[in-house]
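Here is the structure we will look at.
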Amino acid sequence: MSEDHDGHHHHPLPEPYPAIRTKALESLLVEKGLVSTDAIDALIKTYEQDVGPLNGARVVARAWTDPAYKQRLLEDGTAAIAELGYGGAQGAQIVALENTPQIHNMVVCTLCSCYPWPVLGLPPSWYKSPAYRARAVSEPRAVLREFGLELDPAVEIRVWDSTAEVRYLVLPEQPAGTVGMSAEELTKLVSRDSMVGV
Amino acid sequence: MSEDHDGHHHHPLPEPYPAIRTKALESLLVEKGLVSTDAIDALIKTYEQDVGPLNGARVVARAWTDPAYKQRLLEDGTAAIAELGYGGAQGAQIVALENTPQIHNMVVCTLCSCYPWPVLGLPPSWYKSPAYRARAVSEPRAVLREFGLELDPAVEIRVWDSTAEVRYLVLPEQPAGTVGMSAEELTKLVSRDSMVGV
Amino acid sequence: MDGVHDLGGMHGFGPIPYEKDEPVFHEPWEARLYALRRALTVPMFATVDEHRYALEQMPPARYLGLSYYERWLAVFQEALVANEVLEADEMRASFEAYEANPDAPVPRRTDPELTARVVAAAFRRPSVHHDDGIARFQVGDRVLARNIHPKGHTRLPRYARGKQGQIANINGICNLPDAIVAHREPEPQAVYSVRFEAVELWGDAAEPNASVYIDLWDSYLDPAVIE
Amino acid sequence: MDGVHDLGGMHGFGPIPYEKDEPVFHEPWEARLYALRRALTVPMFATVDEHRYALEQMPPARYLGLSYYERWLAVFQEALVANEVLEADEMRASFEAYEANPDAPVPRRTDPELTARVVAAAFRRPSVHHDDGIARFQVGDRVLARNIHPKGHTRLPRYARGKQGQIANINGICNLPDAIVAHREPEPQAVYSVRFEAVELWGDAAEPNASVYIDLWDSYLDPAVIE
């Protein structure tokens, strides 16, 4: 909730408004037996604890340490990801995009907020922001610079706009000096952002 | 200031906010001698009383009753309008567009709110509204229908988007049964909207 | 629809609002709203497409002025009434009750069967139809994104319309979202990943050595006129 | 810039908010703000182009959420500070004083010379430069509106870019607004009225028997490739 220099709120909602509204809706829907408290709690736990970028990091670390897996991942991302037990909503078809010294991939959804939930969890706010959705396709290098990545002009940049059912997972380059590390160790080095390509 | 069905204001400003701000600015600028009360009053009076659609109506009525004037108006709108004493800010170049049984003209400014002030005064709110600016160019017939004008499909519609310095004045067709009326009488029949082409 | 949701290439939105170590949900109500919607035994939107279209139809200033979950809340409320799950009056009464007493507890109800079902649904792997037989284009074909301006839902972004690209991949067969949301008969079509050079999309404003891949349904495309 | 101000063809804005017998100003403050800006002895914007660009640069949700004069007020306040006519502190102090006491009078000052000058300015007829000699195109020529996406100010609306039209009139010579706002050397160019068929602009969504005439500077146009 930002305030501009003249002290006027951009944001029209008083802070507690959506919280109160949501409470009121949950209350009515529970009373009518159309939802249950435990189902809500369980789904929240699912996306706060079970379905998140750690899944994607495991996929990436496996690909870094297992060339055959990497090949399967690039050929059929959905199937290779399912090998590790991941899949589900917003992951009907997952395509892995390999970053190389020559090619940098970056993912966006300009029309809404499509994102590969099974491997990355729910999208962060910046991914859903109008700024990212607007700028990623027209000035990806400027956007990457804001994320601290100055891409060499010789590197081709490919931006993937998730306008249909495919969800994209970027397979980042393995950091220098990490060859020989175990998949478990490598998992800790894989950031969520690197799997979006920023 | 509309309120939607869930009782939430679209409009983020408390009602008196801009009025108080304007007062505060006028106060400071008067104190500093950068503006004067009488100059402000005089300019308001100019646009509330002197520069308005009555000017355009006089131009139109003259054109309806004086074929030579009409020809001059269509050949050089600015000069013909100046003959009646009109001209000034936002009227450097005024082009008159003749409506005929075959052609209907309609004016918009999609990028801001350009409008021929010397002949029509300041633009009405609907002309400045996002809805009119958005729709006039892509669905002019649907827009005209909202204004109560069902245009025959055989009539060609020309929409003029005022993106540069030219300001457009529509010369409506003279209503049936008014031939022989004086210019003064006809002036009363010319609506502001008809000179915008809606 | 050519709405403000179609943000690709738009200027004026400022820097990316990056937040380090961002939580999955910023506020408890966001988590509850998210889960409430998905756990509801009577879904408010038959398809994700219809949910998207509901969001797109919000008044533009509102769409841009609200946060992501505030938008979800707005369309969820409307859908609950439109689908006659809640009456406007009872919804208003409940809002007023909690506004008057924001700390009032929410009634609880447990339903282990429902819980198992919604969690399982989160992990259920949808199947994709692969039948490239109906694909009109092959990888490498040059195509032109059509200049369409439907008032209904579409997934062809404005910034690609009228632009030439090249088929990079055939993703599979999916029903056309435009038809789903319009409640027309299903229109299964090949969906392609189409590569557009940045300079084709943005002219002189293009960054060097860049391209955009957009997933587009068959009927969004025409063969390119000039090879 | 490709901002939300560039509204031509956008969907989702609802019906035209027509108001019968609308007054020139709806609120006294609108009238005073309008006149205050124009009567100021130190203009805040050197050109109308710069004023437009200031409006365009407002945050998009704010641009669409505010009324016409509320937008003017916002950019006027910013300009007063940016141009060092008022200090932010004294502006804030004055706001707070009037917020605390909204009925406090505004000091008065008369200046008949200024009054005469500003009223005369409203009626002064600006001259237009007619010199069609530098026009690259002639009436009837087919042209292509260029696919430009400048971050600065431009008057080539998005809905026309990449579209073919025909020169309908040569309006005269004007300085390119893009250059004015960027404070580049003046770039006087021919400005044409260009006719675009509705079907070229909107495809299948076009209404029948319709065209749009757009006033475009010479450098916004290329010769059409296909006659």
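Each chain gets a letter, A, B and so on, in the order the sequences are listed, and its residues count up from 1. Because only heavy atoms are used, hydrogens play no part in the values below, and waters and symmetry mates are left out as well, while side chains stay in.
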Segment of [X] engaging chain C (4.5 angstrom heavy-atom cut-off):
X	result
D/P60	both
D/E200	backbone
D/R146	side chain

Checklist outcome for this item: In terms of heavy-atom pairs under 4.5 Å with chain D, the winner among C/I148, C/V4, C/L201 is C/L201

Item to check | Side-chain heavy atoms of C/M10 within contact of D/H149, under 4.5 Å | outcome: no

Next on the checklist: Does C/E87 have more than 12 heavy atoms from other residues, nucleotides or ligands lying within 6.0 Å of its CD?
Outcome noted: no

Checklist outcome for this item: Counting heavy-atom pairs under 4.5 angstrom with chain C, the leader among D/R161, D/E56, D/K163 is D/K163

Checklist entry - Any residues in residues 11-19 of chain D near chain C, with a heavy-atom distance under 4.5 Å, and which are they? => result D/H11, D/G12, D/F13

Checklist outcome for this item: Distance col, row C/Y159:OH vs D/N147:CG, nearest 0.5 angstrom, shows 13.5 Å

